[in-house]
Amino acid sequence: AEELIVLDNGCVCCTIRGDLQKALRDLAHKQESGGVKLDGVLIELTGAADPAPVVQTFFMDNAVRHAFYVDNVIALVDAKHCLEKLDESRGDPQEKGTACAQIAFSSTVLLNKSDLGDE
């Protein structure tokens with residue numbers, strides 16, 4: 001069975017969010033009580049998101065930490081526009097751009113639109 005939980009407060013990527021934490025706790029409780037059998041939880045972030053606070057949510061709450069584990073963080077890289085996105089911090093090399101952070105934080109990188117990129 002599929003269940004989609006939408007967090008109404010917008011982006012979950014900026015801080016360790018209470019609404020994400022509550023949604024994960026609720027899922028953990030449903031699974032414990034037999035109300036749902038989960039194969040996994042997938043959290044999709046926007047292209048402008050920092051994944052670190054979302055991943056931290058899984059470690060900062062005891063109930064969430066015991067019920068779930070982070071198996072993979074995937075970065076989807078657009079081959080056609082990746083060089084310009086990776087170059088977004090050129091003005092200040094100390095300020096790494098979001099794209100750089102996403103790739104550095106991920107354990108898997110998927111290259112999308114590779115047929116449209118330059119060689």
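One-based numbering along the sequence shown.
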Value for CG (Leu20) from CD1 (Ile43), rounded to nearest 0.5 Å, stands at 5.0 Å
Heavy atoms of Gln31 and Lys37 approach each other most closely as OE1-C, 4.3 Å
When rounded to the nearest 0.5 Å, the distance separating CG of Leu38 from CZ of Phe68 is 6.0 Å
Fill in: Asp26 with Lys30: basic N within carboxylate O range, under 4.0 Å
no
Value for CD1 (Ile74) from OG (Ser106), rounded to nearest 0.5 Å, stands at 9.0 Å
* Return yes if some donor-acceptor pair links the side-chain N/O of Arg65 with the main-chain N/O of Phe59 below 3.5 Å, else return no. => yes
- Query: Side-chain contact, heavy-atom cut-off 4.5 Å: Val77 with Ile103?
  - Reply: yes
Taken to the nearest 0.5 Å, the spacing of Asp61 CG from Gln56 CD works out to 13.5 Å
d(Gln21 CD, Thr57 OG1) to nearest 0.5 Å is 6.5 Å
| Close side-chain approach of Val41 to Leu27, heavy-atom, < 4.5 Å | yes
**Message:** Do Tyr69 and Val54 land in one hydrophobic cluster if side-chain heavy atoms of ILVMFWY residues count as linked below 4.5 Å?
**Reply:** no
What one should report as the nearest heavy-atom pair of Phe105 and Pro51 is CD2-CG, 3.6 Å
Rounding to 0.5 Å, atoms NZ (Lys113) and CG (Leu76) come to a distance of 8.5 Å
